[in-house]
> 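Handing you a structure now.
Since this is a predicted model, take the numbers as computed values, not measurements. Excluded from the calculations below are hydrogen atoms, water molecules and symmetry mates; all remaining heavy atoms, backbone and side chain alike, are included.
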Amino acid sequence: AKAIATALAQNVKLESIYLAANDLCDNGTIAIMNSLYTNKYLKLIDLELNYLTDKSANVIADTLKQNSTLKEINLAFNHIESKGIRALGIAIKFNKSLTTLNLEGNQLGNDGICQFVEVILNNTNTNTNTNTNTNTNTN
């Protein structure tokens, strides 16, 4: 993950990266997301099935507040819960470039769903996939 992060920090051509099911976990994802503070080219990152938790979601949220080129993030089927969803929701309010955020299969719970609905109602830029049939409701 550190090698990927280093490459992304220096990237001037790559627009999409698919890292689904690579066991990145929080530490690997955090290294990668930190490299995107300055990356002005990447538009899509797929982090599906990487055992991400609220810790990763918080760093992704911080990155989204700074990054203005990411258009699509896939976080499907991780272990993000309501606190991480809340952080992402707050970040989306500040980010004007993101158009798609896939949260399918995470553990949103009632609180997370309610917080995200509020964000969706107040943001016309981002399409979110929060398929409640596969999101675990922990409340």
Side-chain angles (χ1 to χ4, degrees):
K2 289 182 182 180
I4 293 170
T6 300
L8 286 174
Q10 299 170 5
N11 169 56
V12 294
K13 292 192 179 195
L14 187 68
E15 292 186 0
S16 304
I17 189 163
Y18 296 87
L19 298 170
N22 274 292
D23 296 329
L24 293 174
C25 300
D26 288 328
N27 289 337
T29 301
I30 289 167
I32 290 167
M33 294 311 294
N34 284 336
S35 73
L36 297 183
Y37 279 106
T38 57
N39 182 297
K40 303 297 180 206
Y41 301 94
L42 197 69
K43 295 179 181 174
L44 180 149
I45 187 164
D46 184 344
L47 297 169
E48 182 176 338
L49 286 167
N50 274 296
Y51 304 101
L52 309 184
T53 68
D54 288 347
K55 185 176 178 181
S56 287
N58 286 325
V59 173
I60 292 167
D62 288 342
T63 303
L64 283 174
K65 290 177 186 175
Q66 303 295 318
N67 182 292
S68 61
T69 55
L70 273 175
K71 293 186 179 292
E72 185 173 344
I73 301 176
N74 183 1
L75 299 174
F77 301 103
N78 282 291
H79 302 283
I80 300 171
E81 298 181 353
S82 61
K83 288 181 182 178
I85 298 302
R86 180 172 186 208
L88 290 167
I90 291 169
I92 288 171
K93 290 180 182 180
F94 296 99
N95 182 289
K96 301 301 179 200
S97 64
L98 193 69
T99 58
T100 304
L101 175 60
N102 185 348
L103 297 169
E104 183 178 359
N106 284 283
Q107 296 129 1
L108 305 183
N110 287 337
D111 290 341
I113 291 171
C114 289
Q115 291 168 2
F116 224 79
V117 166
E118 180 182 334
V119 169
I120 291 168
L121 292 174
N122 293 316
N123 186 325
T124 58
N125 295 328
T126 304
N127 299 314
T128 54
N129 180 355
T130 53
N131 182 344
T132 55
N133 292 327
T134 56
N135 285 310
T136 306
N137 188 339
T138 58
N139 294 32

> Is the number of heavy atoms from other residues, nucleotides or ligands within 6.0 Å of OH (Y37) greater than 12?
yes

> For N34 and I30, indicate whether the former's side chain and the latter's backbone hold a donor-acceptor pair under 3.5 Å.
yes

> Closest heavy-atom contact between M33 and T63?
O-OG1, 3.3 Å

> Closest approach of S97 and S68, non-hydrogen atoms and distance?
CB-O, 3.1 Å

> Do L44 and L70 belong to the same hydrophobic cluster, where Ile, Leu, Val, Met, Phe, Trp and Tyr are linked whenever their side-chain heavy atoms lie under 4.5 Å apart, directly or via other members?
no

> What distance separates K83 NZ from T53 OG1, expressed to the nearest 0.5 Å?
11.5 Å

> In terms of hydrophobic clusters joined by side-chain contacts under 4.5 Å, are L14 and I4 together?
yes

> Side-chain contact, heavy-atom cut-off 4.5 Å: Q10 with T6?
yes

> Between OG1 of T29 and CG of L24, what distance do you get to the nearest 0.5 Å?
4.5 Å

> Do any N or O atoms from the side chain of D26 and from the backbone of K55 form a donor-acceptor pair under 3.5 angstrom?
no

> Between A57 and G84, what is the shortest heavy-atom contact and its length?
CB-CA, 3.6 Å

> Look at the side chain of N58 and the backbone N and O of S56, then say whether any donor-acceptor pair between them is shorter than 3.5 Å.
no

> Just how far is it from atom CG of L8 to atom CG of N39, taken to the nearest 0.5 Å?
6.0 Å

> Look at the side chain of D46 and the backbone N and O of E48, then say whether any donor-acceptor pair between them is shorter than 3.5 Å.
yes

> Quick one: does any side-chain atom of N78 pair with a main-chain N or O of Y51 as donor and acceptor, under 3.5 Å?
yes

> Do you know the tightest heavy-atom contact between G28 and A1?
CA-CB, 3.4 Å

> D62 side chain to I60 main-chain N or O, any donor-acceptor pair under 3.5 Å?
no

> Compare every heavy atom of A61 with every heavy atom of A91, then report the nearest pair and how far apart it is.
CB-O, 3.2 Å

> So do E72 and K43 actually touch side chain to side chain, heavy atoms under 4.5 Å?
no

> Examine distances only and state if a side-chain atom of N102 and a backbone atom of E104 form a donor-acceptor pair shorter than 3.5 Å.
yes

> Kindly compute the distance separating CG (L64) from CD1 (I90), expressed to the nearest 0.5 Å.
12.5 Å

> With distance as the sole test, does N50 use its side chain to make a donor-acceptor pair with the main-chain N or O of L19 at under 3.5 Å?
yes

> Testing the basics here: between L52 and C25, what is the closest heavy-atom pair and its distance to 0.1 Å?
CD2-O, 3.4 Å

> So do the side chains of L42 and I17 get within less than 4.5 Å of each other, counting heavy atoms only?
yes

> L88 versus L103: any side-chain heavy-atom pair under 4.5 Å?
yes

> Does N106 reach the main-chain N or O of L75 with its side chain, forming a donor-acceptor pair under 3.5 Å?
yes

> Kindly indicate whether the side chain of N74, heavy atoms from C-beta on, has any atom under 4.5 Å from the side chain of I45.
no

> Without swapping roles, check the side chain of T99 against the backbone of K71 for a donor-acceptor pair under 3.5 Å.
yes

> Who are the side-chain hydrogen bond (donor to acceptor under 3.5 Å, both in side chains) partners of T69, not counting sequence neighbours?
N67

